[in-house]
Amino acid sequence: QVQLVESGGRLVQAGGSRRLPCAASGRTFSRYAMGWFRQGPGKEREFVAGISWSGGKISYLDSVKGRFTISRDNAKNTVYLQMNSLKPEDTAVYYCAADADARPMIVAVRSYEYEYWGQGTQVTVSS
């Protein structure tokens with residue numbers, strides 16, 4: 001019933017910027033908490049950023065604070081991850097995910113709490 005499609009991944013130079021959109025198909029998108037996760041080569045998948053369906057609670061991985069910004073446009077059924085000052089260690093497959101049963105002010109940081117996942121988009125940051 002819910003489909004998520006990430007895009008925007010590409011090769012980018014260190015210090016550059018990139019915005020990743022994730023478009024959702026569900027009509028109840030406005031009540032989904034949304035998260036971004038990433039998985040680098042040979043690494044475990046990790047939480048990057050999340051936003052509650054109310055928009056009132058936002059959470060970030062410490063290493064991306066001040067560089068990445070998550071936002072949502074409910075009218076467009078889209079969540080965005082704006083990535084600035086990219087570093088080689090940001091290289092990963094980035095996934096968007098939807099938590100369809102979250103309460104208004106909740107942002108889950110554990111991957112198993114998200115019910116729907118996109119296919120991932122590769123972001124590669126060169127030195």
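Atom set for the values below is all heavy atoms of this structure, side chains included, hydrogens, waters and symmetry mates excluded.
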Salt bridge (charged side-chain N to carboxylate O under 4.0 Å, His left out) partners of Glu113, counting only residues at least two apart: Arg110
Those residues that, when tested against Asn84, pass side chain to side chain donor-acceptor pair (under 3.5 Å) (two or more places apart): Ser17, Gln82
Pairs where residues 59-70 contributes a residue and the test salt bridge (charged side-chain N to carboxylate O under 4.0 Å, His left out) is met, not counting sequence neighbours: Asp62-Lys65, Arg67-Asp90
Disulfide bond (SG atoms under 2.5 Å apart) contacts touching residues 62-112 (sequence neighbours left out): Cys22-Cys96
Residues that Arg103 engages under salt bridge (charged side-chain N to carboxylate O under 4.0 Å, His left out), provided they are two or more places apart: none
Note, Leu4 side chain near Trp117 side chain (heavy atom, < 4.5 Å): no
Side chain to side chain donor-acceptor pair (under 3.5 Å) against Gln119, all qualifying residues, sequence neighbours excluded: Glu6
Sequence neighbours excluded - disulfide bond (SG atoms under 2.5 Å apart) pairs with any residue from residues 38-69: none
Pairing residues for Lys57 by the salt bridge (charged side-chain N to carboxylate O under 4.0 Å, His left out) criterion, not counting sequence neighbours: none
Sequence neighbours excluded - ring-ring contact (aromatic ring centres under 6.0 Å, His included) pairs with any residue from residues 79-114: Phe37-Tyr114
Partners meeting salt bridge (charged side-chain N to carboxylate O under 4.0 Å, His left out) with Glu46 (sequence neighbours left out): Arg38
Apart from Val5 itself, residues in the same hydrophobic cluster as defined by side-chain heavy atoms under 4.5 Å: none
Any Glu115 side-chain heavy atom under 4.5 Å of Tyr32 side chain: no
Residue list, side-chain contact (heavy atoms from CB on, under 4.5 Å) with Ser7, at least two apart or on another chain: Pro21
